[in-house]
Amino acid sequence: MTPVQASTIPLFMKHKDVVVEAVTGSGKTLAFVIPVLEKLIRRESKLRKNDIGALIITPTRELATQIHGIFATFLSAQPVLQTTEDPDETPSLEHPPPLLLVSSNQSSPAQDVERFLSSGADIIIGTPGRIEEFLLGRGRSVVNVKELEVLVLDEADRLLDLGFQATLTKILTHLPKQRRTGLFSATMTDADAISELVRVGLRNPARIVVKVQSKKQQPKVEGQPQSQVIEERRIPANLQNFYISCEASEKTVQLARIISHEIKEHQASQFIVYFATGACVDYFYHILPVVLPSGSSIHSLHGHLTPSARTRALNAFSTSICTPSSPSILLCTDVAARGLDLPHVDVVIQYDPPTDPKVFSHRCGRTARAGRSGRAYTLLVDREVGYVDFMTVRRIPLQKHRYLSKDGEMDVDDVSRPEDSDTVVFLEKIRKKLLMDRTLYDQSAKAFVSFIRAYSKHEASYIFRLKDLDIVGLAKSFGLLRLPKMPELKDVNKDQWSDADVDWSSYAYADKAQEAKRLATLATKSAEKIEKEQEQRRIQRADQKKANASWSEKAGKRDEREVRKEKKKRKKQWLKTQSTSEVAQKDLKRARNDDEDVADSNDEEDWSEIAREERMAKKVRRGDISRKAFDAEFGDL
Ligand SMILES: Nc1ncnc2c1ncn2[C@@H]1O[C@H](COP(=O)(O)OP(=O)(O)OP(=O)(O)O)[C@@H](O)[C@H]1O
């Protein structure tokens with residue numbers, strides 16, 4: 001038995017509630033599987049077909065499937081009670097096989113209930129959503145929980161997180177209070193345990209913490225033998241936990257070099273690489289083959305894949321026969337961080353540190369399990385190195401690993417080191433790959449944007465600050481063709497960036513149907529553009545016409561005003577001269593002649609008007625008409 005099993009099994013068997021914290025790979029699963037089986041086997045009265053005796057809840061379908069497999073292995077070892085002649089009929093067993101309740105396209109919630117009724121399972125293992133549906137939804141009238149003896153929350157701290165809180169509370173309130181409860185995790189801290197006691201309904205639980213101690217070399221003091229201190233840590237003793245400090249632009253180069261270095265130096269063949277988002281996993285899954293050692297087989301696993309794709313990926317990775325010349329590499333998100341027992345994983349690489357610091361030790365813990373040795377690497381960019389102290393305080397020590405240079409030189413000076421020349425080589429290789437299929441360009445933009453968004457959600461936000469992140473360097477590491485349009489990039493200095501030379505109109509999708517759709521959209525858009533331009537030109541012409549028209553109208557009015565002013569002036573002169581003498585008459589005639597020299601044909605009209613006025617003025621003088629009548633006729637001039 002492992003230490004955690006030796007401490008937990010007797011207590012859990014003695015009807016004690018337990019809260020168990022022990023490092024990854026220390027055997028916590030059997031620490032609850034064995035007591036559950038023992039309790040059910042030792043029952044005095046047999047459970048009826050619709051009773052359940054034990055319920056195991058886990059946060060992911062992969063972990064539930066793994067635990068289900070362990071229960072199934074134990075139960076399949078029991079002697080068969082009755083054999084029948086009919087090969088189709090299931091042999092009668094005293095204890096029925098366990099039932100797995102996870103999202104899958106093989107079993108709907110209705111089929112879950114049917115499977116339960118036909119098998120009469122006593123032990124149910126599943127994820128919160130499906131269990132809620134089973135106990136409180138479709139199975140509510142069928143499933144009897146009154147006989148439930150044990151409830152186990154594996155990865156309890158995750159299950160009690162905000163995300164699962166509502167579902168968990170509903171399930172817990174539905175279960176009988178007379179039961180044993182066990183909470184298990186590698187990161188079930190005292191604070192977690194205490195705050196959740198009441199909610200989970202634990203009564204006077206036993207707290208079991210299995211500590212890992214390792215020897216740490218003290219700095220050498222002149223003339224004294226080098227001393228060692230015992231250090232407590234929350235990661236396995238056989239795990240070498242490294243970090244590499246690099247530039248943002250060098251991340252992909254370092255990832256490739258770690259893999260090559262591990263293959264060469266340690267004959268490693270099975271790797272897990274963690275990324276920040278599912279979109280990043282999808283993208284790197286396609287581009288890494290151009291920069292990783294040839295012969296590598298790459299698998300991808302994240303929460304946005306269909307259940308069957310997830311199962312396929314995990315099976316392919318865990319069963320692949322890998323050697324240093326044909327290594328197997330799983331690219332994944334935190335969905336594969338907790339609980340998965342893949343004993344042959346040699347190396348874990350965190351391309352991006354996790355947004356939730358608690359996940360860090362779970363990720364590292366996919367290697368160095370059950371006493372085996374393993375290595376974990378985390379890439380830290382610029383001031384992210386502050387994460388090392390942050391983790392040390394949490395008793396997760398990280399050891400600096402030299403930057404892996406191209407020629408394998410040791411101890412390259414980090415401070416004065418120029419940017420790795422391979423960043424440009426990688427950028428070109430990745431861009432060349434992207435240009436083969438426009439889908440990859442779409443994926444690159446999606447991955448990059450998702451990374452930036454995830455980065456801004458880091459819980460240790462004073463270490464992972466978006467404003468300190470070298471976004472342009474990161475874009476180089478992603479091999480982007482151009483920078484995506486996003487608000488986060490607005491104030492970024494882009495001097496160090498140049499877009500790839502791409503003819504965007506002919507850059508095609510490899511998928512024929514998708515390319516046909518793109519071309520059709522392009523044609524519609526360019527037709528719309530031409531139409532819009534034509535419409536704009538038409539509007540411009542109309543506006544110009546309108547502007548011209550109003551200009552000539554204004555000019556006309558101005559001319560009219562000038563003419564009227566001139567007439568008024570002449571009339572005043574004329575009236576003045578008429579009122580005095582005959583000389584004025586002559587002057588008038590002269591003026592008429594002078595004016596005739598300069599006037600154009602339009603002035604004839606004015607002169608006849610003036611002549612009429614002249615005649616009328618004579619009449620005024622003679623007293624034939626009144627001055628008032630004269631003004632009424634010509635006063636407006
Ligand atoms: N008593 C034992 N002797 C030898 N190997 C054991 C024993 N108990 C468990 N193991 C093996 O140890 C490995 C890790 O066990 P397990 O998956 O239960 O770890 P864990 O503590 O639950 O880790 P995690 O926190 O990552 O979920 C498994 O491969 C398991 O088969």
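All residue numbers in this chain count up from 1 along the given sequence. Because only heavy atoms are used, hydrogens play no part in the values below, and waters and symmetry mates are left out as well, while side chains stay in. Note that ligands are numbered from 1 as they come in the structure, with each ligand's atoms numbered from 1 the same way.
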Worksheet item: Could Arg465 and Tyr462 be counted as a cation-pi pair, given that NZ or CZ must be under 6.0 Å from the ring centre and within 45° of the axis?
Response: no

Discussion item. For His266, is the NE2 atom crowded, meaning more than 12 foreign heavy atoms sit under 6.0 Å from it?
Written reply: yes

Practice prompt. Using distance alone, with no hydrogens and no angle criterion, decide if Arg179 and Thr181 have a side-chain donor and acceptor under 3.5 Å apart.
Written response: yes

Worksheet item: Are Ser108 and Gln111 close enough that a side-chain donor and a side-chain acceptor fall under 3.5 Å?
Response: yes

Worksheet item: Which residue, Tyr351, Tyr455, Tyr285, forms the ring-ring contact (aromatic ring centres under 6.0 Å, His included) with Phe275?
Response: Tyr351

Output a table of donor-acceptor pairs, distance under 3.5 Å, between side-chain atoms of residues 131-139 and any protein atom two or more places apart or on a different chain; print 'none' if there are none.
unit_1 : atom_1 : unit_2 : atom_2 : d
Glu132 : OE2    : Lys170 : NZ     : 3.1

Worksheet item: So which residues, sorted by chain and number, lie with a heavy atom under 4.0 Å of ligand 1?
Response: Met1, Thr2, Gln5, Val23, Thr24, Gly25, Ser26, Gly27, Lys28, Thr29, Leu30, Glu155, Gly339, Asp341, Arg366, Arg369, Ala370

